[in-house]
Amino acid sequence: MQNIELETINDSNELNDECVVWWNKDIAKVELVEPKLQIHQFSELIDEKLIYFEIIKFEECFWIWVGMIPATLSNLTVAIPTRFSKVPCCSTLENFEIDPTIQQITTRLATKFNKQIMLSINDITFINAFELPYK
């Protein structure tokens, strides 16, 4: 017969806030693992504007935010590589006007890294100043 313990955790004096935790001492063990999440933050002066970048690298995808202060989540586009096409599927999730420039950047990144890319650019005026050549 296995040894199962019961522990009651009560953070307040009320009985309805109790949480019951079960565990098996013979099976449960704690292992330290390396985090698979990496966060990179930096800023650049582009066209006399200070542009901030945040890249979060997950195990199977990237979350990229580009913008100026105040930070907002807008123009959110996602591109996902598929096995059915060389060109990743791309869709705009957060904006009523579809911006082909942001979709093009997202698609190119998804193709290059062969991972899902989520890209949010809160001010596209500085990007429209650069021409992105088609390959």
Side-chain angles (χ1 to χ4, degrees):
M1 183 166 191
Q2 294 182 348
N3 181 16
I4 297 178
E5 293 191 13
L6 170 67
E7 178 182 324
T8 302
I9 301 171
N10 190 351
D11 292 335
S12 68
N13 294 332
E14 298 178 26
L15 293 176
N16 59 359
D17 288 339
E18 288 188 354
C19 176
V20 177
V21 179
W22 295 82
W23 76 90
N24 185 331
K25 281 187 174 181
D26 299 328
I27 298 173
K29 57 183 168 179
V30 176
E31 295 179 16
L32 296 177
V33 296
E34 290 293 320
K36 302 209 178 197
L37 177 79
Q38 297 175 356
I39 300 174
H40 304 281
Q41 296 175 330
F42 56 95
S43 61
E44 288 289 327
L45 193 61
I46 300 174
D47 199 23
E48 299 181 9
K49 296 179 182 178
L50 188 59
I51 308 298
Y52 296 92
F53 298 84
E54 180 171 272
I55 301 170
I56 303 174
K57 181 182 177 190
F58 297 93
E59 191 171 349
E60 294 296 322
C61 68
F62 290 94
W63 174 276
I64 303 167
W65 177 83
V66 180
M68 297 184 299
I69 301 297
T72 60
L73 185 64
S74 60
N75 297 315
L76 180 61
T77 305
V78 63
I80 304 170
T82 69
R83 62 181 176 169
F84 306 111
S85 173
K86 291 182 179 180
V87 179
C89 293
C90 187
S91 181
T92 300
L93 303 177
E94 176 64 40
N95 195 356
F96 294 111
E97 298 175 17
I98 297 174
D99 187 355
T101 306
I102 296 175
Q103 286 189 336
Q104 180 186 1
I105 295 170
T106 310
T107 302
R108 291 170 115 191
L109 289 170
T111 302
K112 179 176 177 85
F113 295 108
N114 197 30
K115 294 193 183 285
Q116 177 179 337
I117 303 291
M118 293 168 279
L119 175 66
S120 175
I121 300 177
N122 76 343
D123 186 0
I124 60 170
T125 57
F126 71 93
I127 288 190
N128 290 334
F130 301 103
E131 284 191 34
L132 297 173
Y134 287 92
K135 287 191 175 184

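Position 1 is the first residue of the sequence, and the numbers go up from there. Just the heavy atoms: all of them, side chains too, but no hydrogens, waters or symmetry mates, feed the values below.
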Enumerate, atom names and distances included, each donor-acceptor pair closer than 3.5 Å involving a side-chain atom of residues 77-89, sequence neighbours excluded.
unit_1: T82; atom_1: OG1; unit_2: F84; atom_2: N; d: 3.4
unit_1: T82; atom_1: OG1; unit_2: S85; atom_2: N; d: 3.4
unit_1: S85; atom_1: OG; unit_2: V87; atom_2: N; d: 3.1
unit_1: S85; atom_1: OG; unit_2: V87; atom_2: O; d: 3.3

Quick one: ring pair (Phe, Tyr, Trp, His ring centres under 6.0 Å) pairs with a partner in residues 59-79, sequence neighbours left out? F62-F113
For the residue pair S120 and L76, what are the closest heavy atoms and their distance? CB-CD1, 4.0 Å
Taking atom CD1 of I46 and atom CD1 of I51, what is their separation to the nearest 0.5 Å? 5.5 Å
Rounded at 0.5 Å granularity, tell me how far CD1 in I39 sits from CD1 in I56. 5.0 Å
Supply the atom-to-atom distance L93 CG to L119 CG, rounded to the nearest 0.5 angstrom. 11.0 Å
Between atom CD1 of I64 and atom CE of M118, what is the distance when rounded to the nearest 0.5 Å? 9.0 Å
To the nearest 0.5 Å, what is the distance between NZ on K115 and CZ on F58? 12.5 Å
Only counting residues at least two apart or in another chain, list the ones meeting side chain to side chain donor-acceptor pair (under 3.5 Å) with Q103. T92
Does anything in residues 36-45 pair up under side-chain hydrogen bond (donor to acceptor under 3.5 Å, both in side chains), and if so which pairs, sequence neighbours excluded? Q41-E54
Sort out for me which residue in V66, N75, T107 forms a side-chain contact (heavy atoms from CB on, under 4.5 Å) with I102. N75
Which of these, T106, I105, T111, sits in a side-chain contact (heavy atoms from CB on, under 4.5 Å) with L109? I105
Is I69 reachable from I121 through a run of hydrophobic residues whose side-chain heavy atoms are each under 4.5 Å from the next? no
Going from CD on E60 to CG on N114, what distance comes out if it is rounded to the nearest 0.5 angstrom? 9.5 Å
